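The structure appears below as structure tokens.
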Number of protein chains: 2
Amino acid sequence: MKYSKATNYALHTMLYLCSVSSDKPVGVQQLAQKQGVSPSYLSKILTKLVKAELIESSSGANGGYRLKGRKEDISFLDIIHAVEGSASLFECCGSEDSRCVIQQVMLAAEEAMERHLENTKMIELVDTSSCD
Amino acid sequence: MKYSKATNYALHTMLYLCSVSSDKPVGVQQLAQKQGVSPSYLSKILTKLVKAELIESSSGANGGYRLKGRKEDISFLDIIHAVEGSASLFECCGSEDSRCVIQQVMLAAEEAMERHLENTKMIELVDTSSCD
DNA sequence: GTTATCATAGATCTATAATATCTACGATCG
DNA sequence: CGATCGTAGATATTATAGATCTATGATAAC
């Protein structure tokens, strides 16, 4: 079990967009170059963030991506759910059999992690950012 | 990102071994049948639990698997680490770049989940077990 | 000692998801 | 109109999970 590289790209892109905090959209070429990944692939990931309404895109010349909401409101969990989906990490018997005690423990553990990810907002990292 | 089915099989097998709590080893055929999985596959998973010293195996007639340690000491995290490995769920820049603030947040979140899994011991589920 | 039973290790196969690229398309600005 | 830029879809490529089979070695019962 591992977080995908796509999640890594998404988090770093969001952190960058939060730190520039400009009205001007940033093109995917520039974003991709900073992370050493192909623009085609990154744009697929960013489209998920658009659909989750974390960022918005503008086409045409001087187009690109910019934040939609406020930095204070964007959590790690928002970004991760947008990329990875929000399904449970553990499924016992195919469906959600809530009677399974193992399922209950795993779900509670997962919620502990998600609580932490939900409480950490992007704005907290803006000034201290390295490795972006 | 999802927990593997192997983890599911391992957890259910461990819960069963904890609930029978007999000196007699249980064969992999019986364990596999209860979960609707092939004995060949399950034995591969159980071998990992043996190497992690959570259970012990005995060959030959009337052989099989039985608990090694005490139920009070076996945590969910022990089992999960035995099957999935104990590497971090998130890797930022290939190596463990501890300067990356994103990495730090993800690591802290993961630790919150692991803390919960470590504090939940098998014995707590033995009596209430359904879906085993 | 022989035989039946049972775990282990290794090779192998398939299925599925992650990773990545390319092309065609539609939208926008100058 | 024409250059720029995001979107969607098709497609290719790995990597990993999931699963099975065979050969081997260990053990107990006879």
Side-chain angles (χ1 to χ4, degrees), chain A residues 1-13 17 23-33 35-68 80 82-85 87 89-94, chain B residues 1-13 17 23-33 35-68 80 82-85 87 89-91 94:
Chain A
M1 182 172 72
K2 271 204 170 296
Y3 280 103
S4 66
K5 290 185 183 180
T7 296
N8 189 17
Y9 297 144
L11 288 170
H12 278 88
T13 301
L17 289 179
D23 291 344
K24 274 190 184 172
V26 184
V28 73
Q29 272 187 329
Q30 183 184 343
L31 294 169
Q33 201 173 4
Q35 300 187 55
V37 62
S38 85
S40 342
Y41 185 41
L42 188 60
S43 71
K44 267 206 145 33
I45 300 167
L46 296 189
T47 299
K48 290 185 179 179
L49 298 179
V50 171
K51 288 185 176 164
E53 301 197 310
L54 297 174
I55 58 180
E56 56 190 3
S57 66
S58 49
S59 295
N62 301 322
Y65 300 93
R66 78 176 146 231
L67 286 187
K68 184 160 190 181
I80 292 170
V83 176
E84 303 254 354
L89 297 184
F90 186 86
E91 273 167 42
C92 172
C93 311
Chain B
M1 184 173 72
K2 270 206 170 295
Y3 280 102
S4 65
K5 290 186 182 180
T7 295
N8 189 18
Y9 297 144
L11 287 170
H12 279 88
T13 301
L17 289 179
D23 290 344
K24 274 191 183 171
V26 184
V28 72
Q29 272 188 329
Q30 184 184 341
L31 294 169
Q33 202 172 5
Q35 300 187 54
V37 62
S38 83
S40 344
Y41 184 42
L42 186 60
S43 71
K44 266 204 148 27
I45 299 167
L46 297 189
T47 300
K48 291 185 179 180
L49 298 179
V50 171
K51 288 186 177 165
E53 300 197 309
L54 297 174
I55 58 179
E56 56 189 3
S57 66
S58 49
S59 293
N62 300 324
Y65 299 93
R66 82 178 142 229
L67 285 188
K68 184 162 190 181
I80 292 170
V83 176
E84 303 255 355
L89 297 184
F90 187 85
E91 271 166 44

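By convention in this document, chain letters (A, B, ...) are assigned in the order of the sequence lines, proteins followed by strands, and residues within each chain are numbered from 1. What you are looking at is a predicted structure, and each value in this text was computed from that prediction instead of being measured.
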Self-check item: Side chain of V50(A) (C-beta onward), nearest among dT7(D), dA29(D), dC5(D)
Solution: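 Nearest listed nucleotide: dT7(D).
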Of dA8(D), dC5(D), dA20(C), the nucleotide closest to the side chain of K5(A) is dA20(C)
Whole-Å distance between [N] [atom2] and [X] [atom1]?
{"X": "M1(B)", "N": "dT16(C)", "atom1": "CE", "atom2": "C1'", "answer": "18 Å"}
{"X": "L42(A)", "N": "dT21(C)", "atom1": "CG", "atom2": "C1'", "answer": "14 Å"}
{"X": "R66(A)", "N": "dT28(C)", "atom1": "CZ", "atom2": "P", "answer": "13 Å"}
{"X": "E84(A)", "N": "dA17(C)", "atom1": "CD", "atom2": "P", "answer": "13 Å"}

Please confirm whether any donor atom in the side chain of K44(B) sits under 3.5 Å from an acceptor in the base of dG18(D), or the reverse.
-> no
message = Working to the nearest 0.5 angstrom, can you tell me the gap between T47(A) OG1 and I55(A) CD1?
response =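 Between atom OG1 of T47(A) and atom CD1 of I55(A) there are 8.0 Å.
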Can you tell me how far the CG atom of L11(B) sits from the OH atom of Y3(B), to the nearest 0.5 Å?
->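 The CG atom of L11(B) sits 9.5 Å away from the OH atom of Y3(B).
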Would you indicate what [X] reaches in the nucleic acid, counting non-hydrogen atoms under 4.0 angstrom: base, sugar-phosphate, or nothing?
{"X": "V28(A)", "answer": "sugar-phosphate"}
{"X": "G63(B)", "answer": "sugar-phosphate"}
{"X": "S40(B)", "answer": "base"}
{"X": "Y9(A)", "answer": "sugar-phosphate"}
{"X": "K2(A)", "answer": "nothing"}

May I ask you to verify if any side-chain N or O of [X] is less than 4.0 angstrom from the OP1 or OP2 atom of [N]?
{"X": "S4(B)", "N": "dG18(D)", "result": "yes"}
{"X": "Y41(B)", "N": "dC13(C)", "result": "no"}
{"X": "S59(B)", "N": "dG25(D)", "result": "no"}
{"X": "S38(A)", "N": "dT21(C)", "result": "yes"}
{"X": "S58(B)", "N": "dT27(D)", "result": "no"}

Contact nearer the 5' end of DNA chain C, comparing T7(A) with G60(A):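 Going by which nucleotide is closer to the 5' end, it is T7(A).
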A side-chain contact here means heavy atoms from C-beta on lying under 4.5 Å apart; do N8(B) and C92(A) qualify?
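Contact flag for N8(B)/C92(A) side chains = yes.
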| said: With nearest nucleotide decided by heavy atoms, which residue, S57(A) or P39(B), maps closer to the 5′ end of DNA chain D? | reply: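 This one resolves to S57(A).
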Q.
Tell me whether the count of non-hydrogen atoms from other residues, nucleotides or ligands lying under 6.0 Å of CD in Q33(A) goes above 12.
A.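 No.
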Can you tell me if E84(A) uses its side chain to pair, donor with acceptor, with the backbone of T7(A) under 3.5 Å?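 Judged by distance alone, no pair lies under 3.5 Å.
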